[in-house]
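Report on one structure; see the data block that follows.
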2 protein chains.
Amino acid sequence: MATGRTHRPATRSRGIPEATVARLPLYLRALTALSERSVPTVSSEELAAAAGVNSAKLRKDFSYLGSYGTRGVGYDVEYLVYQISRELGLTQDWPVVIVGIGNLGAALANYGGFASRGFRVAALIDADPSMTGKPVAGIPVQHTDDLETIIEENGVSIGVIATPAGAAQQVCDRLVAAGVTSILNFAPTVLSVPEGVDVRKVDLSIELQILAFHEQRKAGEEPAGEGAADTAPPAAPPAASVRRRTDGTDSGPDGDVPAVMPA
Amino acid sequence: MATGRTHRPATRSRGIPEATVARLPLYLRALTALSERSVPTVSSEELAAAAGVNSAKLRKDFSYLGSYGTRGVGYDVEYLVYQISRELGLTQDWPVVIVGIGNLGAALANYGGFASRGFRVAALIDADPSMTGKPVAGIPVQHTDDLETIIEENGVSIGVIATPAGAAQQVCDRLVAAGVTSILNFAPTVLSVPEGVDVRKVDLSIELQILAFHEQRKAGEEPAGEGAADTAPPAAPPAASVRRRTDGTDSGPDGDVPAVMPA
DNA sequence: CGTTGTGAACTTTTTCACAGCG
DNA sequence: CGCTGTGAAAAAGTTCACAACG
């Protein structure tokens, strides 16, 4: 099949591990809060607590950026804010477009966190002609027809997709063709993009499902009860002799596989 | 300091790796789509493509659930949908409350993906009295005063926080006190919760920042240009002799550290 | 002193590659 | 034959624990 033009190669760019990059915004937020309270320095222990990680991890993360702390003292808040901002590329201005101004798109347009951190909502785009011209968060919505022009004129390289799932790939293709190279996707679809384009996905229902998994496990301690609506087991597997887990360590207390049920 | 009551112990519940759990919803979505198209079976290769992962990973993931495939053939779509749903706990009904019915809360209330997968929006809660009674997504908003009653009467164990950052911890505390044990947090704050309570965080601006990081790296290939608004370097570090990266492999093409600049 | 920065140990996750089976 | 299921290898990420240093 050859996975064609799909997901990014997880490049670990410039030697900073992905996992570290993903935490930098967390540190930055905590640092910004400290900065606002005019706290001059902070120890790895304190900052880690504020960011919700442990201090060893934080120190290791910072070690990838360089040695910005002072032994016996801690980190200079302002200086670190700058270093992380720079590392993340937030010392420059990033114009973004939001495509799909439904409930979510509007929420995003209004979301303060965007504007505050180097991101500027350059345009709102929607396919519904009746939306065109209507201001959302003070910005007039423009029609999808003008997408390419908008991207080019504003030098947009980051696009946010908040359309229904059905429209997402098409919008994505147009964004990419017009020059966008990073996409934040809120639509519940897997987007196909050419090499060199980054996609990050935010999926509201996936997060809930992960919570449900853990929640179920907590409740699973009880013998059986509380069960109300459990949907009916489905058609049996093709033929199979459903054996669970090859090694011994199975048959946990939750049990209750719909069993074999052939034909 | 002692990290007190904070983040969960990442328990790897019932032997299924966290990383796998996080992908199950992805597979489920792809499978559901196939199911709707009445596709009877699917190979790991096809399903992996549809879910945006590689097939080895998918097969390994499934191997933690048991042996649900047929060699030489693939997986029975319906059967697998059921197995994954059950594993995730989606064969039961999960009442959730959404607290904070601003732009985002309203978007969430209207989000189809919630309702579709075993989640039922049991109540919408907001602190603004002028919202009380107003229907959002067909559900009348209730006042925060009644939070505890609502949780208890509906047997809610999952709460969604979509309030401003300032209110989040307080709301969280009340949810937890009332019996909620899983929280999906959209507010840009680190929540403190007691042992046994799960928190997942969705942070819109963090995702954008991660994109910006990669975007910057792409643009970084060019010698210098395109730079417009680069904010002024900050106060220098405490005293330090800013040495970057201990080993040789540094001084990338981006350079331009604000240098030492003492006093 | 107190706290950073980091090798080294450990854990988790991913990938490989192929035996096993329908 | 084709595709799953899985040990084993590799890679990535986390934690430990302590030397180095202001």
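Each chain gets a letter, A, B and so on, in the order the sequences are listed, and its residues count up from 1.
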Consider the side chain of [X], meaning its heavy atoms from C-beta on, and name the nucleotide among [options] that approaches it most closely.
X	options	value
B:S67	C:dT4, D:dG5, C:dT14	D:dG5
A:K60	D:dG13, C:dG7, D:dA8	C:dG7
A:P17	D:dT4, D:dA19, D:dG13	D:dG13
A:S63	C:dT6, D:dT4, D:dT6	C:dT6

Euclidean distance, atom [atom1] of residue [X] to atom [atom2] of [N] [Å, nearest integer]:
X	N	atom1	atom2	result
B:E45	D:dG2	CD	C1'	12 Å
A:F62	D:dT14	CZ	P	14 Å
A:K57	C:dT3	NZ	P	21 Å
B:Y64	D:dT4	OH	P	17 Å
A:D61	D:dG13	CG	C1'	10 Å
A:I16	D:dA12	CD1	P	15 Å
A:L58	D:dC16	CG	C1'	16 Å
B:Y68	D:dC3	OH	P	22 Å

Donor-acceptor under 3.5 Å (A:K218 side chain, B:T181 main chain): yes

Residue from A:R117, A:K201, A:R200 passing salt bridge (charged side-chain N to carboxylate O under 4.0 Å, His left out) with B:E207: A:R200

Pairwise side-chain contact, A:L28 with B:Q209, heavy-atom cut-off 4.5 Å (strictly under): yes

Pi-cation contact, B:F213 with B:R217 (under 6.0 Å, within 45°): yes

Side-chain-base donor-acceptor pair under 3.5 Å for A:R59 and C:dG5: yes

Distance-only donor-acceptor test, B:R71 side-chain atoms vs C:dG20 base atoms, 3.5 Å: yes

Pair B:F114 + B:Y111: ring centers closer than 6.0 Å: yes

Test of ring centre spacing under 6.0 Å for B:Y68 and B:F62: no

Closest-nucleotide ordering on DNA chain D, the 5'-leading residue of B:G72 and A:G72: B:G72

Under 4.0 angstrom between B:N54 side-chain N/O and C:dT14 OP1 or OP2: no

B:S44 vs D:dT4: side-chain N/O to OP1/OP2 distance below 4.0 Å: yes

Partner set under side chain to side chain contact (heavy atoms under 4.5 Å, CB included) for B:A165, not counting sequence neighbours: B:P188, B:T189

Helical bend (five base pairs per end, nearest 10°) for the helix from C:dC1-D:dG22 to C:dG22-D:dC1: 10°

